[in-house]
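Because only heavy atoms are used, hydrogens play no part in the values below, and waters and symmetry mates are left out as well, while side chains stay in. Protein chains get the first letters and strands the later ones, always in sequence-line order, with residue 1 at the start of each.
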Amino acid sequence: MRLQVQNKLKMFFECQTIELLCGRGIMRFIDALCKKSISSKSYCIACAFMFYGSLLAIGLLNFVVDPLSYFGTKLFAPSIQLTRNVKADGIAKAPPGTSLILGSSRVLKIEPNYLSEVTGDHFYNAGVNYGKPEDFYALLNHYQSIHQSLPRKVIIGLDVVAFNASLQVENELLSSRTLARYLPTHIATSSNSPFNHLFGLQKTRLSLACIKRAITGRAPIDIQNFRDDGVIVYQSRESQRKTSTYDFSSALQSSIDEYEHHFRDYERICPNRWNLFVESIEMLRSNGCDVVVFLTPDHPDLRSRLSCCPNYNSRSSDLHDMVTKLSSDTGVKYFNLQSIDHFGGDVTEFIDGIHPLEQNTRRLVRKMLKSEEDDDVIQ
Amino acid sequence: MLFNSYAFILIFLPLILLAWYGLGRWANIRLLFLVVGSFVFYGWAKWEFTILLAVSTLIDYYVGLRIYTANSKRIRASWLMISLTTNLGLLGYFKYCGFLLTSYNSLVEFLHTGYMIYVPDIVLPVGISFYTFQTLSYSIDIFRGQVAPAKSLLHFAAYVSMFPQLIAGPIVRYQDIESQLNSLSRQIDWDVLQKGVWFFAIGMSQKILIADSLAAQITPLLSSPESLQFITGWYSLLGYTAQLYFDFAGYSNMAIGLGYFLGFHFPPNFNSPYKATSIQDFWRRWHITLSTFLRDYLYIPLGGNRTSKLIVIRNLFIVMALGGLWHGAGWNFVLWGVYHGLLLAMYSIYQCQNKIRLPRIFAVSVTFFFVMLGWLLFRSTDLSMALQWLVAIMGLNQIESSALSVLPTFAVSILALALAICFLLPNANECKPNQSVATTIVLVALLVICVMRFDVESPFLYFQF
C-alpha cells in the first residue's frame, strides 16, 4: 500500500516536473490566472493593496539605498560621485576669505597653489561637472551662508554651452540638500521633491544599480578623485599619458560628438541662466569682490569642427558680447580665451577636446593675472 | 494639482475616497467635503483661481433660481443674459483680452494709423474654458425648461467644482448628473469602482506611457521647424496627432475613472476618433462633450440643418471658428476651426450630391489625412511655423535617406504602437476586461510604472485651453 502511494506520488511529481520543463505548467498557471474570475470587491481591494503596497516597497527601497544621498541614510555608497557635495564640503572647510574658482569640469585643473604663489591669496577650486550659472549661484550663496561673507576674489570659467536652455539643471544639484535650498523657485522644480527620490523611476534604477554594485563589490563607474584644494586628478588617464598609451584621438572625438549635439539646437543664450549669472556677479561686486571671468578654451581641432555649426559661432559671439557689456557695466575683468592663441596655449596640454591640463591652466592664469596687473583687458 | 502627481495619488485621492465613503450616511457632509476638496485641488497651484470659480458658481446658481422662478419669458431672458455676460465676460477677459489687444496693435502697426494699446499680462486660470461652459449650459438648460435648478447651492457647487472633470472636462451637463447628486448611494458599488480602476489605469497609461513618450520625441523636432525635412516632418505630424489624442483621451479616461470612484457616471468624451469614416463622424467621436455643447447651444439655435444649404454652411463656419477660438487665443486656432468648418461644409455638399458609400479603409484614411493636416495648424505657434512644416512634409526641404537614419528605433516603435492602438484596438469604453487575477496584476503594474514616471514633469496639453 505504502509502496503504491509512493509510486503514485513519484509519478505525479515527475509529471509535474515534465510539464514545468515543457512549460505546460507555466501555461496552466497563467491560464488559471487569466480565467479565474474574482468579485468586483476583491478586485478593487486587491488593486488598492497591490498598488499602494508596491509603492511602499519601492519607497522603502529608495529610502534605504538613497542613491543620491538625499535622505542621508548612508547604508550604501551613492551611485554617482556627488561632486557638488564634495565642493560644498570643501567650501565649508576652507578658511574664511578663501577665494574661489568657479566653473565646469573645464576649470578643474586650475591649481589653487599656483594662484596662491602668484596672488598671495588662498584659493579653493569649486568647479563642478557640467557647472552652469545655477551651480555658481548656489555655491556662492552656500559660501556666504557658511562664512557670513563672500570670497575676496572669484575666477569664473564660462562655457558657451552652459547657457543652452535645453541642458537641464543637473540632477546632482537638485538632489543636493546642501545647495538646492539656494536655488530660485523657478529652477528648484518638483523633481527635487522627496516623493521623486522615493518613487521616481530614475532613482529606483540607481538604487538597484547601487545594490548590484554592493553585491558585486564594484566601485561606481564614474568616480573622480579630487585633491583637498578641489583640483581633479585624472588617475588612469594621466598615468596613460605618462606611458604614452593614452588614446587622445578617441577622447577628442567624444568631445566633438558631444558638443556637436549640444550646439545643434542651441538657438539662443538662455535668458534665465544669463539673469542668474548677472545676479551672481552683481552680488559679488556689491560686496567688493574682485571678479575675473573668462571663456573657457576649446582644443583647436574641436573649434575647427564646431565652426561648421552656425550655432557655435553665433552663441560664442553672443556670449562674448553679453559678457563684454556686463564687464563694462560692473567692472568685472573679462577675457575671451576660447582660442588657445589668446593665451599662448599648448595644443598637447589637453586631456580631450575641452579639458586643459595644468600647463595650459597656468598659461590661462598668467594671461589673466598679467592683464589684471597691467589693467589691460584682453579680448 | 495634476492627476499625474505624487500629491494627488498618495495623499489627495486616498483622503477624498476615505472621507467620501466613510461619511456614507451624511450626504450633505459628503458633498461639502467634495466641494472643499475640489477647491483645494483647483487652488493647489494658485489659490487666487478659486475666487473666480466661486464667483462663477455663486452667480450661476443664483441666476438659475431667478430664471426658474421668473414669471415672464422676458425676465427669464434677462437673467439668462446676465449669466451669459458673466461667463463669457470672464472667459473673454482672461482668455481673449491679450489676444484681441495684441491683434489690434498689430493692425495699427500695419496700417500706420491709430494708437497702440497697452497689453496687460493676464494669467489664464486653468480650466476656465471648461467650467464657464458648464455653468452656461446649466443656465441655458433651466431657461429651456430642460432641467430644474439644483437642490441647493451645495449640490450646484459640487456639480461645477467636482475635481475629476473641473480642469479639462468632460463638459458635464447638469441633467447628466442631477439624479446622481440628489441620491448619493450609501453603499459602495464595487462594480462601479472596478470600472473606475479600469478607466483610471488605462487613462494614466495613455498619458504617461504613450503621450509623454511621443512628446519626448517630437518636441525637440518641432522646437526648430526650419530644420524639419520630409521624414522628420511626417514623423512630427503623425506623432503629434497621436500625442494629442492619447494625452486628451487619457485625461478624459482618468476623469471618468475618478468619477466612477465617487460613484458618478460621466459621459464619454472620445470614441476612437481616428477610426472616423468622415469629418462629420470625426466630430461625433472627438471631444464629444464639446461638440455636443456647440451643437446644442450654438449650431441648433443658429438654425442647424433645417435651413437652406448656404445658411447651414454659414452655421458650420461660425460654430467651428468659435470652436477653434475656444481652444486657444490665437489666429492659428481660428484658422484650424475655419479649416474644419470648410471640411464639414464640403462634406455636407458631398453628402447631398453623392450617395456612393466609399470603402471603409479609404474613408478612414482620407478622414485621418485631413484631420492630421488640421493638427499641423493647431500645433503651429504661428503661420511661419505652419508653412515651414508644410514645406517639410511636401518634401521641399530635402528628403532624408531613411527613417532609421534620422530617428531612433524607439521613436519609430512608439509611434507605430500608438497608431496601431488608434486604428486596431477597441477604446476603453468598448473593452470589457475580465475580472481576473492577471488583469489585476497587469493594471496595477501599469499604474505603478506610470507613478514611477512622475519624476518627469508633464502637464496635460489641454490645460492650455
request  = Taking only Lys NZ, Arg NE, NH1 and NH2, and the carboxylate oxygens of Asp or Glu, determine whether A/D135 and A/K132 approach each other closer than 4.0 Å.
outcome  = no
Region of [X] in contact with chain B, defined by heavy-atom distances below 4.5 Å:
X	value
A/E267	side chain
A/L198	neither
A/S166	neither

Non-hydrogen atoms of chain A under 4.5 Å away: do they reach the side chain of [X], the backbone, both or neither?
X	value
B/I188	neither
B/L443	side chain
B/L446	neither
B/V448	both

task = Could you check whether the rings of A/F163 and A/W274 sit parallel, tilted or perpendicular, using 30° and 60° as the cut-offs?
result =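 It falls in the tilted class, 30° to 60°.
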query = Ring centroid separation for A/F195 and B/F454, is it under 6.0 angstrom?
reply =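 Ring-ring flag for A/F195/B/F454: false, centres at least 6.0 Å apart.
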key: Pair B/F3 + B/F41: ring centers closer than 6.0 Å   = yes
request  = For the pair A/D318 and A/Y266, evaluate side-chain hydrogen bond (donor to acceptor under 3.5 Å, both in side chains) and give the outcome as yes or no after the intermediate values.
outcome  = CA-CA 12 Å; A/D318 289 344; A/Y266 191 179; over 6 Å; no
query = Do you know which of B/S227, B/P14, B/A7, B/S5 has the most heavy-atom pairs under 4.5 Å to chain A?
reply =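 Top option by heavy-atom pairs under 4.5 Å: B/P14.
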query = With distance as the sole criterion, is a donor-acceptor pair present between the side chains of A/Y70 and A/N196 under 3.5 Å?
reply =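 The answer is no; no qualifying pair exists.
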